[in-house]
Amino acid sequence: MSCKNPSYWCWDRKSCANNFNSLLDFIEINDEKYKNKYLDFVYYIGKKKINDMSLERKLVLNHKFSFWWMNIIVEQSVWKTPINDVLKIFALEDIIKDNNINIIEYKGKSLYLYQTLLHLCKLKKIHFDSIYALSIRSLLIKKYKIYYQLKSILHLFLIFFKRFHFIKQKPYKIKLPNNSLFFCSYLFNYNVTEANNGKHNSPYWGDLPKLLRKIGLKSFWLNLYVPTREGAKAKKCQEWIDSFNSNEDNQESHFVLNNYINTLVILRTFYFWLVLQFKISRIKNIQEIFVPKNCNLTFWYILKDNWMDSVHGSCSISSILTIEQFDQVMRHVPRQKLGYYIWENQNWEKALIYFWNKYNHGTLHAVTPAPVRYWDLRFSFNKNVFLNAKYETYPTPQKYIAIGNQSKNILLINNVPHERIVEGEALRFGHLNNNCNIKLRNKYNNLLRVLLLGDYILSDTDYMINLVSDIITIKNYNLDVAIKPHPNTPINTSIYHKIDLSIESRPFNTFGNSYDICIASNKTSSAIDAYFHGINVAVLQSDDSLNLSPLRAQEGVLFFQNVDELYEILLDKSKNHNKIPENNDYLFLDSSLKRWRKLINVTAKNLI
């Protein structure tokens with residue numbers, strides 16, 4: 001990146017003037033440095049000494065399980081933690097060291113950014129100007145831990161009442177197979193018709209359940225209920241579970257984690273939550289924990305809300321409940337020699353791994369549901385986690401299943417040892433095996449047909465729709481536009497008056513030749529479907545985040561940041577459709593599931 005003026009930098013891309021540099025672009029250029037800097041920072045928070053004891057050990061509540069592992073910060077999710085802002089502060093500190101920066105100006109509504117930048121300027125003796133839109137709510141409510149604690153207690157009652165249909169089911173009465181494969185997955189986004197008929201068809205596992213039934217292997221499925229706006233309610237999901245178990249052809253035993261809630265579990269949860277409150281109250285100078293190694297700058301202001309919710313709020317009590325539930329499950333089920341779970345580095349996964357190992361179950365495999373993205377730090381580790389495995393207590397599974405060469409390479413970059421990585425087909429993308437039957441459009445028609453891919457985050461989808469609307473109205477460029485919403489985020493097309501927007505509900509393999517170009521946000525995995533079906537893909541770079549696209553660095557994928565750049569892409573009629581990618585194993589795709597068969601053959605021998 002050519003530096004326009006080393007003294008002029010902007011926080012996000014939207015506010016960048018012609019002679020300003022972008023902090024985000026600077027981080028992208030120095031990606032390895034700042035990625036490792038963040039991983040080191042989070043790792044060493046847990047190692048910080050508090051009265052001669054590390055925070056990690058200080059937060060051991062029961063079972064020798066550290067509650068630090070359940071912290072939102074440890075998840076390293078950009079969807080829950082302002083990771084981009086931490087990275088920008090790291091980059092800004094380096095820029096200040098290397099350049100003659102003598103003033104920082106802040107205009108915005110974020111209290112934590114205002115406080116962090118003010119602290120940075122005081123440390124560096126830099127003049128600080130700001131126009132901060134004060135939020136009274138942020139000062140009067142979320143400032144106090146009692147706010148989080150009351151939310152936590154209320155949350156426990158809501159869990160009990162909203163999931164009563166799961167709780168009243170008694171899992172211990174059902175006989176479990178002791179020679180089955182163990183799966184832990186989400187009760188989410190099922191085909192309603194098939195589920196109502198007792199057919200288990202999870203989108204996360206593709207044709208694998210069919211393969212298990214075909215070769216006669218039994219399986220035990222521990223399902224996690226995820227309440228969503230469009231998803232099935234608890235009562236309906238329990239009916240599905242009952243129908244799965246009554247279908248003898250399934251050869252499957254299904255339970256919901258919430259089946260393992262009883263009066264004792266609720267009481268233990270509340271007791272250990274009180275123990276946690278006591279332990280946290282004895283930690284003094286909490287801000288010092290959030291000072292990176294060899295640095296005086298604190299990230300307390302940025303991460304305070306994550307910390308407070310994790311140790312005082314609804315997240316704290318639900319995490320303790322999760323610990324108690326997995327203790328019940330792993331203690332009561334017969335020994336499972338091999339297990340598989342959806343890997344997204346959520347807090348429940350640490351509880352699963354810990355109690356899986358505590359009760360001497362066998363080999364546990366982490367399965368990535370989608371290609372691993374470079375900046376998705378949920379799949380990244382500090383190098384010490386595996387280098388000092390003998391001394392580390394952080395819960396990790398025995399094996400990680402990579403669903404393609406791209407994921408495999410990034411896992412190696414992310415410090416996962418080569419010997420822990422095995423290969424398996426991308427089950428969630430098995431339908432892409434049929435892309436060879438798609439007839440491509442060789443050139444654009446006079447009227448471009450544009451498909452927008454909706455994001456889980458509604459504001460990102462809204463911004464994308466408005467960009468295309470501006471091209472139609474301001475640039476006076478006619479387009480035929482449809483949108484395929486995210487399954488959990490429906491779109492009300494009637495609120496967009498400047499654009500005639502239709503809903504595309506068909507599967508990709510039925511309309512691949514219907515669109516000239518596909519526009520996606522930089523977070524959605526559905527862009528992979530468009531890419532493998534031969535549609536040109538243009539990805540919107542977020543104004544305030546790094547490139548989270550699963551197609552980052554893939555040949556032929558176009559990236560844009562504003563209306564003008566997208567307009568240039570649409571005007572470039574000389575480009576034909578992106579060819580359907582040759583089999584470079586970006587994803588492992590094989591309808592026979594030969595890699596999974598290999599894993600299962602090993603499994604079958606171990607189950608005998």
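With T81 contributing its side chain and Q76 its backbone, the two residues share no donor-acceptor pair below 3.5 Å. Without hydrogens or angle criteria, R595 side chain to L589 main chain gives no donor-acceptor distance under 3.5 Å. Between the side chain of H533 and the main chain of D529, a donor-acceptor pair closer than 3.5 Å is present. Side chain of T524 to backbone of A520: no donor-acceptor contact under 3.5 angstrom is found. Not one N or O on the side chain of D516 forms a donor-acceptor pair closer than 3.5 Å with the backbone of V450. The backbone N or O of F299 lies less than 3.5 Å from no partner atom in the side chain of K304, so there is not a single donor-acceptor pair. T368 places no side-chain N or O within 3.5 Å of a backbone atom of P371 that could act as its donor or acceptor partner. A distance-only check finds a donor-acceptor pair linking the side chain of E349 to the backbone of Q346 [under 3.5 Å]. A donor-acceptor contact shorter than 3.5 Å links the side chain of T461 to the backbone of D455. Listed for the N409 side chain is a donor-acceptor partner under 3.5 Å among the backbone atoms of N405.
Between W11 and L117 the shortest heavy-atom distance is CZ3-CD2, 4.4 Å. When all heavy atoms are compared, the tightest approach of V78 to W375 is CG1-O, 4.2 Å. Closest non-hydrogen pair, L187 versus Y225, comes out as CB-CA, 4.2 Å. Across all their heavy atoms, N306 and I73 have their closest contact at CB-CG1, 3.8 Å.
Pairs of residues two or more places apart, or lying in two chains, that qualify as salt bridge (Lys or Arg N to Asp or Glu O under 4.0 Å) and include a residue from residues 473-496 are R449-D480, K475-D564.
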For this session: Show your reasoning for whether side chain to side chain contact (heavy atoms under 4.5 Å, CB included) applies to K88 and I27.
Result: CA-CA 8 Å; K88 290 175 190 177; I27 295 168; 4.1 Å; yes
Exercise. Can D305 and Y148 be said to form a side-chain hydrogen bond (donor to acceptor under 3.5 Å, both in side chains), step by step?
Worked result: CA-CA 10 Å; D305 191 48; Y148 294 91; 2.5 Å; yes
Problem set entry | side chain to side chain contact (heavy atoms under 4.5 Å, CB included) assessment of D470 paired with Y567 | CA-CA 10 Å; D470 288 344; Y567 183 55; over 6 Å; no
For this session: Apply the test side chain to side chain contact (heavy atoms under 4.5 Å, CB included) to residues S380 and L377: give CA-CA distance (whole Å), side-chain angles for both, the deciding distance (0.1 Å), then the verdict.
Result: CA-CA 5 Å; S380 300; L377 302 187; 3.9 Å; yes
For this session: Might you work through the ring pair (Phe, Tyr, Trp, His ring centres under 6.0 Å) test for W9 and F26, ending with a clear yes or no?
Result: CA-CA 10 Å; W9 296 83; F26 179 77; 5.4 Å; yes
Exercise. Stepwise, does the side-chain hydrogen bond (donor to acceptor under 3.5 Å, both in side chains) test hold for K35 with N414?
Worked result: CA-CA 9 Å; K35 183 176 183 177; N414 291 352; 2.6 Å; yes
Problem set entry | Check against side chain to side chain contact (heavy atoms under 4.5 Å, CB included), V557 and Q554 | CA-CA 6 Å; V557 179; Q554 290 300 307; 3.9 Å; yes
Problem set entry | Full working for side-chain hydrogen bond (donor to acceptor under 3.5 Å, both in side chains) between D462 and N466 | CA-CA 6 Å; D462 182 68; N466 288 328; 3.3 Å; yes
Problem set entry | From CA spacing to verdict: side-chain hydrogen bond (donor to acceptor under 3.5 Å, both in side chains), S549, N547 | CA-CA 6 Å; S549 172; N547 189 348; 4.5 Å; no
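A donor and an acceptor atom, one from each side chain of R420 and T396, are located under 3.5 Å apart. If you check the side chains of N36 and K383, you find no donor sitting under 3.5 Å from an acceptor. No side-chain donor-acceptor contact under 3.5 Å links N536 and Y531.
Taking the six-membered ring wherever Trp is involved, the centroid distance between the rings of Y340 and W596 falls below 6.0 Å. Taking the six-membered ring for Trp, Y456 and W79 have ring centres at least 6.0 Å apart. Ring-centre distance between F183 and Y341: not below the 6.0 Å cut-off. Taking the ring centroids of W300 and Y112, they lie at or beyond the 6.0 Å cut-off.
The CD1 atom of I403 sits 12.0 Å away from the CG atom of D585 when rounded to the nearest 0.5 Å. Within the model, atoms NZ of K408 and CD1 of I421 stand 7.0 Å from one another, a figure rounded to the nearest 0.5 Å. One distance of note links OG of S526 with CG of L453; it measures 4.0 Å at 0.5 Å rounding. Within the model, atoms OG of S202 and CG of N223 stand 8.0 Å from one another, a figure rounded to the nearest 0.5 Å. The CD atom of Q406 sits 8.5 Å away from atom CG of L551, with the distance rounded to the nearest 0.5 Å. The OG atom of S185 lies 4.5 Å from the CD1 atom of I342; values are rounded to the nearest 0.5 Å.
Ring geometry for W343 against Y400 counts as tilted: the plane angle lies between 30° and 60°, on a 0 to 90° scale.
No more than 12 heavy atoms of other residues, nucleotides or ligands lie within 6.0 Å of CG in D500, so this atom counts as exposed by the packing criterion.
Under the rule for a side-chain hydrogen bond (donor to acceptor under 3.5 Å, both in side chains), Y204 has no partner lying at least two apart in sequence or in another chain.
Of the options S310, S318, S319, a side chain to side chain donor-acceptor pair (under 3.5 Å) to N347 is made by S319 and by none of the others.
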Scan the side chains in residues 89-98 for donor-acceptor partners under 3.5 Å anywhere in the protein, sequence neighbours excluded, and list what turns up.
from	atom 1	to	atom 2	distance (Å)
D94	OD2	K33	NZ	3.1
D94	OD2	Y34	OH	2.7
D94	OD2	K37	NZ	3.4

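For R378 and E75, the salt-bridge test fails: no basic side-chain N is under 4.0 Å from an acidic carboxylate O. Using a cut-off of 4.0 Å between Lys/Arg side-chain N and Asp/Glu carboxylate O, D376 and R552 are scored as not salt-bridged. Between R506 and E504, at least one side-chain nitrogen of the basic residue sits less than 4.0 Å from a carboxylate oxygen of the acidic one, meeting the salt-bridge criterion.
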